[in-house]
2 protein chains.
Amino acid sequence: MSTARTTDLTSKEHLRLWLRLLGTTRRVEAVLRERLRTEFDTTLPRFDVLAALSRHPGGLKMNELSSQLKVSNGNVTGIISRLVEDGWVERIAIAEDRRATRIKLTETGKAQFNRMAAAHECWVDELFSNLSADAAHHMNELLAHLPLASGEPQ
Amino acid sequence: MSTARTTDLTSKEHLRLWLRLLGTTRRVEAVLRERLRTEFDTTLPRFDVLAALSRHPGGLKMNELSSQLKVSNGNVTGIISRLVEDGWVERIAIAEDRRATRIKLTETGKAQFNRMAAAHECWVDELFSNLSADAAHHMNELLAHLPLASGEPQ
DNA sequence: CGAATTTATTTCAAGCTTAAAACTTCATGC
DNA sequence: GCATGAAGTTTTAAGCTTGAAATAAATTCG
């Protein structure tokens, strides 16, 4: 309320960029969701969870999962419960802390994820195919410098 | 399906960019959702619907709304129903076609949206504040050239 | 030790989201 | 007229998502 942060022109340019960013992201997500559904009979949130677990072979606690994925705790509970039912993931008791459990991919889960991850990379590459490696890298750098954008904090 | 579209290096760069894009978008959305909730007691989907209606003073049919917002028909039905209950929006019968209705902002809805839109632009400007107008414009151009990124079909 | 607080997770209610099925109305062709 | 199909919308079932409340276990500290 007190002060505008930038000129009005810059502000409009920021808004335009945000709407473009949002639109692009939604379109890509829609394609990925559709393909995950038709080709692997699964969903994007499930894929995201599997991807996070895949990056951590030792497993992750529920709160680690939800902070990595930037979603709420309760949300992850439901997704994990369904993945456990499907046998793609397992909850492993932690001896030193009976409140928490460690979530790990099962062998089935690993195999499924590997198949999906290969296809996923291929789809993304196709969707961004008319962006050169340099342009992609450049855009990545710009986004990385937004204070809120970096993936690193945690 | 037959061939990789790019080199493996470019493919990795595309994937990196996509993950960055997704992360940035989610962070911005999280901030906007939180602020809409605490300061205006509403949600992002509702705001999106109001914004679309605001751009079309003559009103929009349900299928126009859902195609503009890139969400399913059934989805819009629910959001509109709740907005109608709140008196922010009204369904107006179309004489020539009894299947469809025209959705319009009420005066209350317009007033509410105007307050929110001003704050929204301010928040976005703040979130992107360390991006110059030129950089924002440049990134916008790059995104606009993705075949899937513009407002066009596929 | 025992009370108070913090940490890890689940449950809950409400709303969002999708795809598919159902329903109603309109348009077309016979 | 009337069947047939298309168009516009709503309903449904299942899953995703959130914030808040509830539960339970660990930690802190008087």
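Residue numbers begin at 1 in each chain, while the letters A, B, ... track the order of the sequences.
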Any carboxylate oxygen within less than 4.0 angstrom of a Lys/Arg side-chain nitrogen, looking at R46(B) and D86(B)?
yes
NA contact type, R102(B), heavy-atom cut-off 4.0 Å: base, sugar-phosphate, or nothing?
nothing
ring-ring contact (aromatic ring centres under 6.0 Å, His included) pairs, two or more places apart, involving residues 57-99 of chain B:
none
If you compare every side-chain N and O of R91(A) against the phosphate oxygens of dT10(C) (OP1, OP2), does one of them come in below 4.0 Å?
yes
Let me confirm one number: the CG-OG1 distance from L21(B) to T25(A), rounded to the nearest 0.5 Å.
4.0 Å
Whole Å only: how far is the CD1 atom of I94(B) from the P atom of dC26(C)?
11 Å
Below 3.5 Å is the cut-off: list the nitrogen or oxygen pairs between protein and nucleotides 11-13 of chain D, distance only.
none

At a heavy-atom distance below 4.0 Å, what parts of residues 43-53 of chain A sit against DNA chain D?
T43(A), P45(A), R46(A)
First locate atom CZ of F113(A), then atom NE2 of H120(A), and finally report the distance between them rounded to the nearest 0.5 Å.
8.5 Å
Test side chain to side chain contact (heavy atoms under 4.5 Å, CB included) on T43(A) and L36(A); report intermediate values, then the result.
CA-CA 6 Å; T43(A) 67; L36(A) 281 174; over 6 Å; no
Any protein N or O atoms within reach of nucleotides 21-28 of chain D? Criterion: under 3.5 Å, listing atom names and distances.
residue: dA26(D); atom: OP1; partner: R98(A); partner atom: N; Å: 2.9

Can you tell me the distance, in whole Å, between the CD1 atom of I79(A) and the P atom of dA14(D)?
18 Å
Does the pair R82(B)/E85(B) count as a salt bridge with the N-to-O cut at 4.0 Å?
no
Sugar-phosphate only, base, or nothing, as touched by E29(A) at under 4.0 Å among non-hydrogen atoms:
nothing
Check K70(A) with E29(B), please: is the shortest side-chain N to carboxylate O separation under 4.0 Å?
no
Kindly compute the distance separating CG (L22(B)) from CG (L143(A)), expressed to the nearest 0.5 Å.
11.5 Å
Mind checking the OG1-CE spacing from T24(A) to M139(B)? Nearest 0.5 Å is all I need.
11.5 Å
For the CD atom of E64(B) and the CG atom of L53(B), what is their distance to the nearest 0.5 Å?
10.5 Å
For the pair made of CZ in R33(B) and P in dG19(D), what is the distance, rounded to whole Å?
6 Å
Same cluster or not: L60(A) versus I94(A), using hydrophobic residues (I, L, V, M, F, W, Y) connected whenever any side-chain heavy atoms lie under 4.5 Å apart?
no
Rounded to whole angstrom units, what separation is found between the CD1 atom of I80(A) and the P atom of dT10(C)?
9 Å
Under 4.0 Å from OP1 or OP2 of dA20(D): is there any side-chain N or O of R37(B) that close?
yes
Distance, rounded to the nearest Å, where R26(A) contributes CZ and dT18(C) contributes C1'
14 Å
Rounded to whole Å, how long is the line connecting atom CD of E34(B) with atom C1' of dT18(D)?
10 Å
Side chain to side chain donor-acceptor pair (under 3.5 Å) contacts touching residues 100-109 of chain B (sequence neighbours left out)
E107(B)-K110(B)
What is the distance, to the nearest angstrom, from the CG atom on D41(B) to the C1' atom on dG15(C)?
13 Å
Option among L105(B), T42(B), I79(B) that satisfies the side chain to side chain contact (heavy atoms under 4.5 Å, CB included) test with L50(B)
L105(B)
How many Å lie between CG on L69(A) and P on dC16(D), as a whole number?
13 Å
Atom pair CD (E34(B)) and CH2 (W123(B)), whose distance is rounded to the nearest 0.5 Å:
10.0 Å
Which of residues 56-67 of chain B have a heavy atom under 4.0 Å from DNA chain D?
K61(B), M62(B), N63(B)
